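All values derive from a computational prediction rather than experimental measurement.
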Amino acid sequence: MSRLIATFFYSGLIRPAPGTWGSLAALVAALPIYWIGGPWLMLAMIALALAAGFPAARAEAARSGDHDPSHVVIDEVVGQWIALWPVLFGAAHVGAPVLDLWPGWIAAFGLFRLFDILKPGLVGRMDRRGDVTGLMMDDVVAGIFAAIGVVILAVLAHGVMILGG
């Protein structure tokens with residue numbers, strides 16, 4: 001069971017770039033979660049994935065002998081869902097079809113992957129811990145940074161649309 005969770009239904013076994021595949025799988029999974037329960041169910045799923053991710057990642061790290069095995073992508077799922085949450089909340093808030101906010105989906109994906117790969121500041125500090133907490137928390141922080149970026153981009157885009165008439 002830990003392998004199923006840690007690899008997010010085996011998406012982490014896809015090569016190359018398992019983290020990117022895990023992030024894409026997270027986006028696909030976000031749609032039915034949102035359709036069933038809106039942004040609040042997604043928030044609960046983020047918490048559940050984080051809580052289930054720690055022991056699953058710990059088991060996979062122990063099994064592989066690597067503190068951050070590349071096939072463990074539950075951390076990317078959590079981070080990607082955090083990055084996407086402002087888009088889901090925005091869609092629910094204004095009553096827009098969630099897929100109509102596709103630029104936000106792209107921004108959430110792109111910014112999360114950027115922060116996850118480059119590991120600036122606190123993201124890198126978490127990653128350098130060299131333990132399961134670092135494995136999970138670097139993506140949480142990358143997701144938070146990406147979510148902030150998504151909000152900033154939405155404000156800029158909507159401000160430009162308002163000014164442009």
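- Checking each of Leu88, Leu27, Ile33 against Trp81 for a side-chain contact (heavy atoms from CB on, under 4.5 Å) leaves exactly one that passes, namely Ile33.
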Please walk me through it: do Val123 and Leu118 pass side chain to side chain contact (heavy atoms under 4.5 Å, CB included)?
CA-CA 9 Å; Val123 181; Leu118 296 180; over 6 Å; no
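- By the rule that hydrophobic residues join a cluster once side-chain heavy atoms approach within less than 4.5 Å of another member, Leu48 and Ile5 end up as members of one cluster.
- Hydrophobic clustering keeps Ile106 apart from Phe145 (ILVMFWY residues linked when any side-chain heavy atoms are closer than 4.5 Å, directly or through intermediates).
- Using a 4.5 Å heavy-atom threshold, the side chains of Val78 and Asp139 count as separate.
- The side-chain heavy atoms of Leu24 and Val28, taken from C-beta on, include no pair separated by under 4.5 Å.
- To the nearest 0.5 Å, the span separating CG on Leu122 from CE on Met137 amounts to 8.5 Å.
- Each of Tyr34, Trp105, Trp40 was checked for a ring pair (Phe, Tyr, Trp, His ring centres under 6.0 Å) with Trp85, and the lone residue meeting it is Trp40.
- Closest heavy-atom contact between Pro86 and Val151: CB-CG2, 3.7 Å.
- His158 contributes atom NE2, which lies 10.0 Å from atom CG of Leu153 (distance to the nearest 0.5 angstrom).
- Under the 4.5 Å side-chain criterion, counting only non-hydrogen atoms from C-beta, Ser70 is in contact with Arg15.
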Side chain to side chain contact (heavy atoms under 4.5 Å, CB included), that's the test. Do His71 and Leu13 meet it? Break it down for me.
CA-CA 5 Å; His71 67 277; Leu13 301 178; 3.8 Å; yes
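- Minimum heavy-atom separation, Ala51 to Pro55: O-CD, 3.0 Å.
- Trp102 is not connected to Val155 by any chain of hydrophobic side-chain contacts under 4.5 Å among Ile, Leu, Val, Met, Phe, Trp and Tyr, and they are in different clusters.
- Looking at heavy atoms from C-beta onward, Arg113 lies in side-chain contact with Asp116 at the 4.5 angstrom threshold.
- Between Ala96 and Leu101 the shortest heavy-atom distance is CB-CD1, 3.7 Å.
- Annotation: side chain of Trp35 is in contact with side chain of Val98 (closest heavy-atom distance under 4.5 Å).
- Using a 4.5 Å heavy-atom threshold, the side chains of Asp127 and Asp68 count as touching.
- Tracing side-chain contacts under 4.5 Å through hydrophobic residues (I, L, V, M, F, W, Y), one never reaches Trp21 starting from Ile117; they form parts of separate clusters.
- Here the closest heavy-atom approach between residue Val150 and residue Gly104 is recorded as CG2-O, 4.4 Å.
- Within the 4.5 Å cutoff, the side chain of Arg3 has heavy atoms near those of the Tyr10 side chain.
- When hydrophobic clusters are built by joining Ile, Leu, Val, Met, Phe, Trp and Tyr residues whose side-chain heavy atoms come closer than 4.5 Å, directly or via intermediates, Ile152 is not grouped with Val94.
- When all heavy atoms of Asp75 and Leu135 are compared, the closest pair comes out as OD2-O, 3.1 Å.
- Between Met136 and Ala57, the shortest heavy-atom distance links the atoms SD-CB, 4.3 Å.
- Between the CG atom of Leu111 and the CG atom of Leu84 there is a distance of 12.0 Å, given to the nearest 0.5 Å.
- Within the 4.5 Å cutoff, side-chain heavy atoms of Phe112 are placed close to those of Glu76.
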